[in-house]
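Note that the structure is a prediction, hence the values are computed from the model and not measured.
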Protein chains: 2
Amino acid sequence: MHSVKGHHESTTLEIAHHARVSTATVSRALNRVPNVDPQLAERVWKTVDELGYYPNTQARFLVSGRSRVLGLIVSEMVNPFFPEVVQSFEDIAVQHDYEILLSSTVHDPKRWELAVRRMIERRVEGVALLTFAEEDSLTEKLHSRKISLVSLDDAPSARSGRKIQVDYQNGIREAVQHLAALGHVRIAFVAGPSHLKSSQERKAAFERSMKEVGLEISSDLIVVGDHSLEGGIRALPPLMSLVDPATAVMCSNDMTAIGVMRQAYDSGIEVPRELSIVGFDGIRLTQFMTPPLTTVQIPQVELAKLAFTALREQIEFEHKDDSEYVIPTQLVVRRSTATVLKSEHKRQLKSS
Amino acid sequence: MHSVKGHHESTTLEIAHHARVSTATVSRALNRVPNVDPQLAERVWKTVDELGYYPNTQARFLVSGRSRVLGLIVSEMVNPFFPEVVQSFEDIAVQHDYEILLSSTVHDPKRWELAVRRMIERRVEGVALLTFAEEDSLTEKLHSRKISLVSLDDAPSARSGRKIQVDYQNGIREAVQHLAALGHVRIAFVAGPSHLKSSQERKAAFERSMKEVGLEISSDLIVVGDHSLEGGIRALPPLMSLVDPATAVMCSNDMTAIGVMRQAYDSGIEVPRELSIVGFDGIRLTQFMTPPLTTVQIPQVELAKLAFTALREQIEFEHKDDSEYVIPTQLVVRRSTATVLKSEHKRQLKSS
DNA sequence: CTGTTAGCGCTTTCAA
DNA sequence: TTGAAAGCGCTAACAG
């Protein structure tokens, strides 16, 4: 039975008294150091149980110099890409006895600075930067304090720390091939903000993939959005009012795709019969749309695990080699894509 | 200029030497204790800046006995209700110089126990329990250690700590009145798991509201779901195959509503023309649906703020009165609800 | 107003 | 194998 009356925090000293041993022995027993008399250890554990003792990590880590806390900086929790990442990161961190210090930057330099300060003051042992745009001077600050770093390779010029590279090409190629196989020729692309490296790469991957399947990329089929719902909404009309309109649209991220879907709905365009839509990111809510969205998935759980592992390797094994990690992407076909509508049908539709 | 070369952690002692004062004075200056010679304080701050000193919170809080860490336990990050709550809670906590220790329980007793242990070991000063079902014995454990608690008043028998009550009635009343005003009479309700107090209250509020507007609640219009997408999918068919089918359905939560919407889509039932749908919770993604979902909003930001404030009052002002906090709910009309289809039209539809 | 000193709770030499 | 004692970085008496 655990005693619940331990209203005041018990300490190693107290345990030591009750168990008639020294604090050193208590410490050894607690940490399962070999060569401790089993009898004594037993007494210690019994007392620990009776008194409801929990070690004080503040004290423990003051002396050991290791906080066992990892910083996790994300852009914003409310961006649906991140909750799964945070959850998974927490899961695995806790399994390995680390705590996480979560910070959302909300794209605000002030918040950024605050986040870095918090991380340093709490003496985190490493920081995972899972954001889409980072502040170089601040990561430099972390790096200069010998704090291990991992980040998505999305920042334009970040140099310090390990990088995780997203393999945009593969998933996007699959998506383009999928659309081509469905007979689509007029495939549009709604790009993201051009200052983000990840946007550029997605667009480049699209163009490359189109070439590979021998499809033409006419510039009127490329429009630039901003990775938001509104961006998607605005993107569609110009694409549909072309003399030869798009029959499918690929989007640089899921929110854009959702915007496109909304605009299609509001314009009476039926998805997927008259228009196929493909998203990118694989956020959870794409499953919930009507119809569920075909998208290119970045495996968030894998990403989180990889980030953690990379950090842990640096911290515990002082791995210093600069190999980049790469995370694959994959097409998930759902119900927002379908065979292209044959021209005769289209004409019928128009005249009706 | 901040020096970046401070590769080894500087300490108050070091600052003291450089500034030619004692560590006590360093501490005083840093904490802006009054009655410190401005000259000395100036020297201290300058040195702090030069050496890139950041206080070690572990040490600071070891002596002060205050960790300035708050536990935040949620059911699961991937439940779309929580990210906003977490984000807001973090925001306000950080503003007040608290750190948060996040834990998702994932409805797993093991995780629950682990969460509580983590909280105790890190010596959190308070815990916000923002979950839909809690483990009584564990909150008791926290309580017995004099850790401040706030929780949603959803657990069946939780006694310890402050409670936050959700005013289900108001929002649901608004929703029912909204539907009634649109001419709906056959209003169905998809309930949540019956063991959750929050489910029971939502259902009771629905029934009360129906009576208020003088509408009949026939038992074939009440079905029980499980707060999941699948539950919503399964709930709809029986409601539509009635001799006098539902024209509107209220759901105990948003995921259920989304499931209903999906099933309507798959059955060729047009929303909102042939069927109105109302959700509950006001999770973000309801805005993104096609059509955007009418729902009863629990103000997540307010909820998080309230939880934080309640905790802070207990911690810093030792407020001990047991007044319950109540959080209002409100109908948000979007586009999944519309005037009931007149009977003649329905007949036309059927015969066509 | 400032410095000296004694801890906070724990781990870790170093002797015994 | 165990205990005594020092010390992690900081704050808070207590003298001066």
Any ion pair linking [Y] and [X] (charged N to carboxylate O, less than 4.0 Å)?
X	Y	result
B:Glu121	A:Arg60	no
B:Glu90	A:Arg111	yes
B:Glu42	B:Lys46	no

Across the strands shown, which category fits [X] at heavy-atom distances under 4.0 angstrom: base, sugar-phosphate, nothing?
X	value
A:Leu40	sugar-phosphate
A:Val21	sugar-phosphate
B:Val36	sugar-phosphate
B:Thr11	sugar-phosphate

Quick check on DNA chain C: between B:Thr25 and A:Gln58, whose nearest nucleotide comes earlier from the 5' end? B:Thr25

B:Arg123 or B:Arg20, whichever maps to the more 5' nucleotide of DNA chain C: B:Arg20

For [N], does OP1 or OP2 lie under 4.0 Å from any side-chain N or O of [X]?
X	N	answer
B:Asn56	D:dC10	no
B:Thr12	D:dC10	yes
B:Arg60	D:dT11	yes

B:Asn35 side-chain proximity, nearest of D:dA4, C:dC1, D:dT1: C:dC1

The side chain of B:Arg28 is closest to which nucleotide in this list: D:dA13, C:dT13, C:dC1? D:dA13

Can you tell me the distance, in whole Å, between the [atom1] atom of [X] and the [atom2] atom of [N]?
X	N	atom1	atom2	result
B:Phe61	C:dG9	CZ	P	16 Å
A:Tyr53	C:dC10	OH	C1'	7 Å
A:Asn31	C:dG9	CG	C1'	13 Å
B:Arg68	D:dT11	CZ	P	13 Å
B:Asp37	C:dG3	CG	C1'	14 Å
B:Glu9	D:dC8	CD	C1'	12 Å
A:Glu121	D:dC10	CD	P	10 Å
B:Leu62	D:dC10	CG	C1'	9 Å

Tell me, do A:Leu102 and A:Val86 make a side-chain contact under 4.5 Å, heavy atoms counted? yes

Does the side chain of B:Val74 reach to within under 4.5 Å of the side chain of B:Phe81, using non-hydrogen atoms? no

End-to-end bend of the helix from C:dC1-D:dG16 to C:dA16-D:dT1 (five-pair axes, 10° rounding)? 40°

Which of A:Leu149, A:Leu70, A:Leu306 passes side chain to side chain contact (heavy atoms under 4.5 Å, CB included) with A:Leu311? Answer is A:Leu70

Partner of B:Ile73 under side chain to side chain contact (heavy atoms under 4.5 Å, CB included), chosen from B:Leu130, B:Thr105, B:Thr139: B:Thr105

Where does the angle between the aromatic ring planes of A:Phe308 and A:Tyr98 fall among parallel (under 30°), tilted (30 to 60°) and perpendicular (over 60°)? perpendicular

